[in-house]
2 protein chains.
Amino acid sequence: MGDVELEVAGAEPVRRRGPETRAQILRVAMQLFTDKGFEATTTRDIANALGMNQSSLYYHFKSKDAIVTSLVEQRRHDLDEFVSWIRAQPRAPGLLRTAALRWLDQTTPEHLHAMRLALANPTVQQRLVGSDLDVRSAFDTVVDLFVDPETPDTEQLLVRMVFDTVSAALLSAHGTAASADAVLAAAREASIALTERLEPHRATHRQS
Amino acid sequence: MGDVELEVAGAEPVRRRGPETRAQILRVAMQLFTDKGFEATTTRDIANALGMNQSSLYYHFKSKDAIVTSLVEQRRHDLDEFVSWIRAQPRAPGLLRTAALRWLDQTTPEHLHAMRLALANPTVQQRLVGSDLDVRSAFDTVVDLFVDPETPDTEQLLVRMVFDTVSAALLSAHGTAASADAVLAAAREASIALTERLEPHRATHRQS
DNA sequence: GTCTATAGGTTGATAGAC
DNA sequence: GTCTATCAACCTATAGAC
C-alpha cells in the first residue's frame with residue numbers, strides 16, 4: 001500500500017512538545033484514526049507523527065484502546081447534555097424541528113471532527129455498544145420522545161434521520177471540497193425538509 | 001475482546017459446499033466484512049465460517065484484498081448502469097427527483113448489502129479512490145448534471161445527499177430493528193423531501 | 001518522561017503432500 | 001481442491017535503564 005506518511009500536525013513531526021503531551025497525542029490520534037481508521041493506525045504511526053518513541057505513548061495512556069475511548073468520551077458528554085435539555089422541554093408541536101435545529105446550532109467544529117471519527121470507525125462504535133460510551137443509545141431516548149411503539153417503522157426511522165443529518169451531510173461531503181459551514185448549512189436544510197414532512201402543520205406561528 | 005464467533009451462513013459452518021465455492025467465500029466474506037470490518041476480519045475467520053482451512057482460500061483468491069475487490073466490483077457495475085441511464089435522459093425540470101426515485105426503485109436487497117459493506121468499511125473505499133472501482137467518482141458525474149460551478153456549495157452538497165438517502169437511512173437504522181423495506185421507504189421520503197426543497201416549482205404537472 | 005530492547009501473539013501468504 | 005506446516009512481518013504492550 002502506498003503509505004504516504006500523512007502529515008498530521010501541519011508541521012513536521014512536532015519538534016517542541018508543550019506540557020500537555022496527552023492532549024497532543026489525542027489530537028494526532030484523532031486525525032490518524034479518522035484518516036486511516038483505528039485498526040490501520042499503529043501506535044508507531046501516532047508516536048512518529050509526534051516525533052517520539054512508540055513505547056512512550058504508554059506513559060500517557062495504558063493502551064491503544066484507551067486513546068480512542070478518551071476521544072469518544074468527550075462526544076458522549078456533549079450528547080448527554082443535549083439529551084438533558086430536550087427532556088426538560090415541554091412537548092409541543094414543532095418540538096422536533098426546534099430540537100433538531102438546536103442540535104445543529106450547538107455543533108462546533110470539534111463536534112464535526114468527532115463525527116468524522118465516528119463515521120470513519122464504525123467498528124469502534126460497535127464495540128462500545130452497551131457501554132457507557134455507546135453513542136447511539138443516547139439518541140434512542142431522544143427518539144422515544146417523538147415516537148411511540150405504534151408509530152410505523154418508516155416514520156421512526158425518519159425521526160432518527162432528522163437528528164443524523166450532520167452525519168449524512170458529512171458522508172456526502174466526503175472527498176469533496178465542502179467546508180464545515182457548507183456541511184452544517186446543508187444539514188440544516190435537510191433537517192428542515194424532513195421535519196416539514198413529519199410535522200406538516202406549521203408555517204404559521206413560532207413558539208417563543 | 002468478546003469475540004463471539006458470529007454465525008454467518010445461518011447454519012453451522014457450512015457442511016456441504018456446492019460447486020461454486022468462490023461464490024460462497026464471497027457471501028461469507030461480505031457478511032464478516034460488514035459486521036467486523038475488513039481489517040478486523042482475518043482470513044481464518046472466513047475459512048472457519050466455511051469449515052475450511054485458512055490456506056484453502058488462496059486457491060480461489062490470490063489475496064485477502066482480492067476478495068473485497070471482487071465484492072466492490074459488482075456494486076460499481078450497477079452504478080455505471082445507472083449513470084449511463086441518467087446521462088441519456090433529457091434535462092428537464094424535475095429530473096432530479098425522477099432520477100433519485102429511479103435510483104431507489106432499482107435498489108435490490110443485494111444493493112443494500114453492498115451499501116452496508118461500504119458504510120462499514122470507509123478505509124477500504126478510500127483505498128480505492130482513483131481506481132476503476134472508485135464508487136464516489138461515479139456519483140460525481142451524476143451530480144455534475146444537476147450542478148454548475150457557480151452553484152453554492154450548500155446546494156451542491158444537498159444534491160449529493162439526494163442520491164445518498166439510502167446510505168443515510170442505513171446509517172440511522174443501524175442497530176435498530178428496521179426492515180429493508182422500512183429503510184427504502186424512509187430513503188424515498190427523504191429524497192422527496194429534499195428534492196421538494198431543491199425543485200420547489202412542482203406539484204402541478206408531471207412529465208410523461 | 002522518554003528511550004532501548006524485547007517478549008508474546010496474530011496475521012497474510014507460500015510450499016508441498018495428498 | 002483441500003490440507004498440514006511454516007514463515008516472515010508486524011503489532012501491542014511490558015521491563016528497565018537513563
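Just so it is clear: chains get the letters A, B, ... in the order the sequence lines come, proteins before strands, and each one is counted from 1.
Between the CG atom of Leu32(B) and the C1' atom of dT11(C) there is a distance of 16 Å, given to the nearest Å. Going from atom NE2 of His60(B) over to atom C1' of dG1(D) covers 6 Å, rounded to whole Å. Distance, Arg22(B) CZ to dT2(D) C1': 17 Å, rounded to whole Å. With rounding to whole Å, Leu50(B) atom CG is found 10 Å from dC3(D) atom P. At whole-Å resolution of the value, CG in Asn48(B) and C1' in dT2(D) are 14 Å apart. The CG-C1' distance, from Asn53(A) to dA17(D), rounds to 14 Å in whole Å. Rounded to whole Å, atom P of dA13(C) lies 14 Å from atom CG of Asp45(B).
Side-chain atoms of Lys36(A) never come within 3.5 Å of backbone atoms of Gln31(A) as a donor-acceptor pair (strictly under, hydrogens ignored).
Applying the ring pair (Phe, Tyr, Trp, His ring centres under 6.0 Å) rule to pairs touching residues 66-88 of chain B yields Phe82(B)-Trp103(B), sequence neighbours excluded. Sequence neighbours left out, the pairs with a member in residues 154-173 of chain B that pass side-chain hydrogen bond (donor to acceptor under 3.5 Å, both in side chains) are Asp164(A)-Ser172(B), Ser172(A)-Asp164(B), Asp140(B)-Arg160(B), Thr165(B)-Ser191(B).
His174(A) is linked by a side-chain contact (heavy atoms from CB on, under 4.5 Å) to Gln126(B), counting only residues two or more places apart in sequence or in another chain. Residues forming a side-chain contact (heavy atoms from CB on, under 4.5 Å) with Asp148(A) (at least two apart in sequence, or on another chain): Glu150(A), Thr151(A). For the side-chain contact (heavy atoms from CB on, under 4.5 Å) test, residues two or more places apart in sequence or in another chain that qualify with Thr69(A) are Glu73(A), Leu133(A).
Checking the phosphate oxygens (OP1, OP2) of dG1(D), no side-chain nitrogen or oxygen of Ser56(B) falls inside 4.0 Å. OP1 or OP2 of dG1(C) sits under 4.0 Å from a side-chain N or O of Tyr59(A).
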Sub-3.5 Å pairs of nitrogen or oxygen atoms, protein against nucleotides 12-15 of chain D:
| from | atom 1 | to | atom 2 | distance (Å) |
| --- | --- | --- | --- | --- |
| dT12(D) | OP1 | Lys64(A) | NZ | 3.0 |
| dT12(D) | OP2 | Thr43(A) | N | 3.0 |
| dT12(D) | OP2 | Thr43(A) | OG1 | 2.9 |
| dA13(D) | OP2 | Tyr58(A) | OH | 2.6 |
| dA13(D) | OP2 | Lys64(A) | N | 2.7 |
| dA13(D) | N7 | Gln54(A) | NE2 | 3.1 |
| dA13(D) | N6 | Gln54(A) | OE1 | 3.3 |

